[in-house]
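See structure below.
Proteins get letters first, then strands, A, B, ... in listed order; numbering begins at 1 in each.
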Amino acid sequence: MDSRMIVCAFSSYNFGIFASQHQTMAYPFQSIEKKWQSFWASNHTFSAKFPSDKPKYYVMDMFPYPSGAGLHVGHPLGYIASDVVARYKRHKGYNVLHPQGYDSFGLPAEQYAIQTGQHPSKTTETNINRYREQLDRLGFSFDWGREFRTSDPSYYRWTQWIFMQLFNAWYDTKIDQARPIDELINHLVAHGTKNLSAHCDEDTNSITADQWSSLSEDEQQAYLLHYRMTYLAESEVNWCPQLGTVLANDEVVNGVSERGGYPVEQKKMKQWMMRISSYAERLLNGLDTIDWPEPLKEMQRNWIGRSVGATVRFTVDNHDAEIEVFTTRPDTLYGVTFMTLAPEHDLVNRICTSNHKAEVDRYVKQSANRSERDRMSDVKNITGVFTGSYAIHPLSGKKVPIWIGDYVLAGYGTGAVMSVPCGDQRDFEFAKHFDIPITNIFEGVEITDAAHTEKGETRIANSDFLNGLNVSEATQAAIKHLEKIGSGTAKIQYRLRDAVFSRQRYWGEPIPIYFKNGIPHLLPEHCLPLALPEVEKYLPTPTGAPPLGNAVDWAWDETKEKVVPVCLIDEKNVFPLELNTMPGWAGSSWYFNRYTDANNQNAFADRDKLDYWGKVDLYVGGSEHATGHLLYSRFWQKVLFDLGYVPMDEYAQKLINQGMILGDSAFIYRKTGTQTYLSAGLIEGQTVEPINVDVTYVDSSNVVAHDRLHEWRPEFAQATFELQEGKLIAKREIEKMSKSKYNVVNPDDICDQYGADTLRMYELFLGPIEQAKPWNTAGISGVLGFLNKFWRLFHNDQQFVVSDEQPSPAMLKSLHTTIKKVTNDIEQFSLNTAVSAFMICVNELTSAKCNHRGILQPLTLLLAPFAPHICEELWEKLGHTQSLFDQPYPLADASHLKETQITYPISFNGKMRFTIALDAETSKEDIEKAALADERTAQYIGGKAIKKVIVVPKKIVNIVIG
RNA sequence: GCUGAAGUGGUGGAAUUGGUAGACACGUUGGACUUAAAAUCCAAUGAACAGUAAUGUUCGUGCGGGUUCAAGUCCCGCCUUCAGUACCA
């Protein structure tokens with residue numbers, strides 16, 4: 001059979017045959033890429049040096065979680081961008097640290113273990129190997145000598161070590177620093193809590209030095225938990241029954257779990273917590289010192305949620321109780337006509353009167369049963385109930401009723417508000433709904449329909465000593481007065497809550513804690529790592545304990561200092577170990593420090609190396625970590641800084657968020673209940689359901705290779721297709737790239753067909769790095785064409801030929817324009833326009849038939865960060881014996897860029913002015929002369945005198961004629 | 001609702017930050033080469049109108065105003081899309 005016929009028959013479908021046709025014409029990227037990848041690997045070309053006299057540059061990617069699905073073309077975008085920068089900085093003479101590792105603890109490996117019984121470490125190992133293969137094909141300049149995995153004991157022993165440092169630290173609010181716990185103990189021994197300025201739990205009792213000394217050892221330890229940076233506390237947590245674990249606030253999205261989308265409920269549990277709230281102010285202020293994207297900073301600011309106001313205490317009439325509230329509007333104190341408590345508030349039971357008890361109980365129960373979701377979707381519905389009790393207004397002494405309403409959140413502020421219906425819309429609606437009186441305290445403002453919430457120039461009325469003051473004056477005056485009479489104080493409130501640190505999971509870092517008499521104790525430091533034990537089953541135990549409860553060997557012998565079987569727990573000096581593990585964000589909260597000294601056995605990193613490498617100069621990763629990893633890691637860094645372990649309290653000077661590369665899903669339509677599939681244009685008037693088709697079976701004009709679909713899914717062999725003009729046309733839709741949508745494009749396939757250099761440049765060429773953009777394989781031919789042209793500049797037929805003649809000024813201009821543009825673009829991370837600049841240059845050189853060494857050699861260097869393989873190959877062919885990776889980058893020579901003459905007249909505005917392009921050094925006389933010399937201009941001026949020459953920035957002049 | 005980002009050809013996107021709008025690429029059309037296809041090269045390609053033609057004119061950066069010799073870019077008022085957040089007192 002004639003092979004040509006096969007090509008014709010399948011050419012519109014079969015990309016494989018397309019590809020082989022490309023290859024016959026393309027430069028031999030397959031062999032070149034293999035050659036240089038193994039050259040770089042065996043020469044350790046990219047290992048970062050220490051010590052070094054060179055200036056350092058630290059460029060890092062957010063390390064990947066190695067999932068089972070492998071990489072798709074969307075994943076490497078950020079790595080490509082950072083790799084261009086890393087290689088560029090090497091050419092610029094920097095000692096570059098460009099590491100990579102794996103965030104390898106996580107849920108998917110554990111879920112897989114639950115289903116199959118395979119140990120998560122095995123799954124993880126397989127996935128990592130696959131990731132590494134895929135990454136290696138793209139020619140990254142990673143220093144793999146510094147690779148680590150967060151699930152490796154040699155790494156997580158230091159995660160555990162940091163946990164210990166946090167456990168042994170407290171926050172001194174006077175000097176705004178975390179300090180060793182011993183300092184706190186010394187203070188307690190000497191003075192009790194007197195003059196102690198510490199960030200601690202709200203309900204911590206004050207004690208005297210004598211009281212402290214009289215406490216037992218256990219009681220002292222229990223007391224210290226109120227101060228430690230990581231502490232054990234009974235708290236409301238987001239419990240996800242389906243996942244069988246608690247979730248951090250940022251892991252809950254719209255009331256369901258981020259991973260899996262399962263419902264989340266509130267539950268009280270004893271959990272390890274991180275006292276991140278003590279760093280709220282510093283996390284906020286630190287944002288002003290780092291060059292991160294403004295939207296991301298804004299997200300963190302909102303998440304921290306600083307609000308300035310005051311706490312005010314109201315005594316409850318006829319009860320020995322006080323209600324403390326937080327308000328941002330102390331100026332509206334005289335507008336308070338009722339109080340509202342969250343249904344979960346501690347005082348609810350105590351203060352509700354007997355005749356209201358039944359109603360209150362019912363309401364509290366009803367609110368408790370409503371899920372977060374219901375509450376959110378039901379914002380409009382106003383509900384509440386009166387307690388029967390009254391609070392005494394601290395200024396007016398009047399009695400105001402105390403209500404319960406679920407619009408007040410237990411988790412924010414004090415869980416109670418002073419309600420000012422005239423000044424707050426929710427209070428207003430609540431008051432209207434329940435017919436509670438509304439007092440107007442604003443001068444000349446109408447409040448019949450809505451509360452008056454603007455502050456502006458409003459003056460306060462009806463408010464005793466605040467009358468006539470504006471909002472900010474009244475706020476100051478009110479706080480001053482409250483402080484004088486002891487009923488309140490100025491206060492800054494944050495939305496940021498302490499972070500839950502326990503997970504009821506197997507595949508995470510064990511927490512290095514054992515319990516003696518129910519009191520948590522740290523393992524001795526030299527006993528780390530506390531290795532993850534083997535278990536039979538990865539599910540919780542029958543009694544509901546976390547999976548580590550299944551371990552046979554999971555008890556601590558305090559004297560022998562080692563892990564022993566659980567069955568020995570009743571023996572002397574043997575105690576239970578903590579069963580919870582750390583959350584996913586633990587390992588990633590300090591990893592940037594580890595890269596500086598990844599193989600250190602004796603410390604998490606050597607201080608000299610931390611000092612030398614300093615801050616990450618460029619950190620590239622997705623913005624989805626804004627309120628998770630990127631906040632937690634800043635927090636840990638600040639703690640480590642306070643305790644003197646790291647040299648700076650912000651770890652990344654510049655952050656770039658790369659946008660997602662989206663998939664282009666394809667759908668055909670199945671007639672409901674049949675095996676008949678319709679082309680997208682035929683669905684009118686039919687009952688159909690859209691069916692995803694794997695995009696590898698769809699070509700760029702949306703034609704589906706329906707006769708090959710059965711290769712993908714055997715059931716299509718039985719299907720019938722209704723075609724349009726003989727073709728099955730798919731409907732396209734841009735969505736997130738995902739396995740389940742069958743729109744995944746595998747970088748391996750692209751490397752096979754087009755080569756890694758082409759893939760690298762094409763991903764950058766797609767658009768601005770920060771922007772989300774759809775993948776479209778069709779466009780990639782332009783980049784391959786560019787690299788082929790570039791290759792051909794050096795070749796005559798298959799023969800390598802370059803000329804040593806002097807290049808022409810036009811060629812030099814083309815080269816130096818490109819050098820200038822590309823260098824600028826890299827510095828500004830505008831990598832898509834840099835790629836365009838290369839294309840323009842090569843087009844110009846091609847039409848000029850340029851093969852001069854003086855042009856091509858610097859151009860090869862210039863292109864090397866983008867397309868390293870082809871450039872190394874050409875560099876070698878140019879006669880160099882050294883790799884080009886650390887050759888000095890070419891510099892733009894301005895002398896080649898000079899414009900020598902006025903170019904052309906551009907446009908008339910119709911009457912008196914026209915505009916011409918000119919050079920920076922052109923004089924006014926030159927302009928006049930040029931204007932008159934130009935035929936068209938002279939014709940227009942028609943002998944009239946030039947009245948005025950207006951030189952507007954750089955390039956353009958306006959000439960006014962009279 | 002609030003906060004943030006963005007709206008430019010058939011498509012992805014450029015535009016030195018107020019100065020020739022649509023670079024570069026895809027796609028499309030035509031041509032060269034070829035028995036043919038692929039590949040490669042060359043040309044055209046925002047819209048409308050006029051002209052055999054070279055060319056010219058008008059309109060064009062979501063909509064409506066404004067500032068300016070000059071606006072995609074700045075100001076005011078809208079509309080739309082995306083993202084984050086949500087009863088935060």
Side-chain angles (χ1 to χ4, degrees), chain A residues 4-5 7-8 11 17-18 20-26 253-254 293-299 301-303 305-307 309 325-329 332 340 375-376 378-382 405-409 411-420 423-427 429-430 493-495 623-624 626-627 659 700-701 762 765-768 770-783 785-786 788-789 792 820-821 824 830 832-840 843 846-847 903-907 909 911-917 948 950 952-960:
Chain A
R4 209 172 61 214
M5 293 299 290
V7 175
C8 296
S11 63
I17 291 173
F18 264 143
S20 63
Q21 284 168 351
H22 278 302
Q23 282 165 32
T24 57
M25 296 314 296
V253 177
N254 290 334
E294 203 47 51
L296 190 138
K297 286 192 191 178
E298 200 57 34
M299 266 192 243
R301 287 192 192 106
N302 290 339
W303 193 260
R306 180 182 199 263
S307 40
V325 300
F326 173 73
T327 177
T328 53
R329 296 291 302 276
T332 62
T340 314
R375 267 208 195 189
M376 280 189 339
D378 203 18
V379 172
K380 292 270 139 52
N381 226 339
I382 296 164
D406 69 1
Y407 79 97
V408 178
L409 304 175
Y412 184 75
T414 59
V417 300
M418 56 177 228
S419 300
V420 187
D424 181 279
Q425 191 57 30
R426 291 159 317 205
D427 294 346
E429 278 159 17
F430 196 87
Q493 181 73 39
Y494 299 94
R495 200 188 82 120
S623 59
E624 66 271 23
T627 52
S700 53
S701 22
Y762 184 56
F765 181 71
L766 276 175
E770 316 82 15
Q771 194 177 304
K773 55 229 159 212
W775 176 265
N776 172 16
T777 305
I780 200 170
S781 61
V783 177
F786 156 76
N788 278 331
K789 272 191 205 171
R792 280 198 301 269
K820 194 176 165 194
K821 170 89 176 129
N824 261 333
S830 173
N832 56 327
T833 52
V835 174
S836 294
F838 281 116
M839 290 179 173
I840 295 167
N843 282 345
T846 300
S847 14
T903 347
Y904 51 88
I906 299 163
S907 66
N909 76 348
K911 286 198 177 135
M912 296 170 53
R913 295 176 187 88
F914 67 94
T915 317
I916 61 174
K948 202 170 149 197
I950 308 163
V952 205
K954 285 177 204 163
K955 213 157 132 187
I956 306 291
V957 290
N958 292 320
I959 298 179
V960 182

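Listed nucleotides rC87(B), rU40(B), rA89(B) differ in distance to Arg792(A); the shortest reach to its side chain belongs to rU40(B).
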Mind listing the N/O atom pairs, protein and nucleotides 4-9 of chain B, below 3.5 Å?
none

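For Tyr412(A) and rA89(B), the shortest distance from a side-chain N or O to OP1 or OP2 is below 4.0 Å. Considering only side-chain N and O atoms, Gln771(A) lies under 4.0 angstrom from the phosphate OP1 or OP2 of rG13(B).
Comparing the same atom, C1', in rG56(B) and in rG62(B) gives a spacing of 31 Å after rounding to whole Å. Nucleotides rC78(B) and rU3(B) place their P atoms 13 Å apart, quoted to the nearest Å. Atom name C1', nucleotides rG9(B) and rG72(B): the rounded distance is 14 Å, in whole Å. Between the P atoms of rG60(B) and rA53(B), the separation comes to 26 Å (whole Å). A gap of 30 Å separates the P atoms of rG46(B) and rU81(B), to the nearest Å. As rounded to the nearest Å, rA15(B) and rG7(B) have P atoms that lie 12 Å from one another. Annotation: rC74(B) and rU16(B) have their P atoms spaced 12 Å apart (nearest Å). As rounded to the nearest Å, rG10(B) and rA5(B) have P atoms that lie 29 Å from one another.
The separation between Asp424(A) atom CG and rC87(B) atom C1' is 9 Å, rounded to whole Å. Protein atom CE of Met299(A) is 7 Å distant from nucleotide atom P of rU85(B), rounded to whole Å. Atom P of nucleotide rG13(B) and atom CG of Leu766(A) are separated by 8 Å, given to the nearest angstrom.
Base orientation for rU55(B): anti, the chi torsion being more than 90° from 0. Base orientation for rG9(B): syn, the chi torsion being within 90° of 0.
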So what is the 5' to 3' dot-bracket string for RNA chain B, if pairs are Watson-Crick or G-U wobble with both distances under 3.5 Å, crossing pairs use [ ] and | means the partner sits on another strand?
(((((((..(((......[....)))((((((.......))))))(((((....)))))..(((((..]....))))))))))))....
Protein-to-nucleotide contact annotation, 5' to 3' order, nucleotides 21-29 of chain B [B base; S sugar-phosphate only; - none; under 4.0 Å, heavy atom]
--BBSS---
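Of the inter-residue distances, the one linking Glu429(A) atom CD with Ile382(A) atom CD1 reads 5.0 Å to the nearest 0.5 angstrom.
Here Pro768(A) lies in heavy-atom contact (under 4.0 Å) with sugar-phosphate atoms only.
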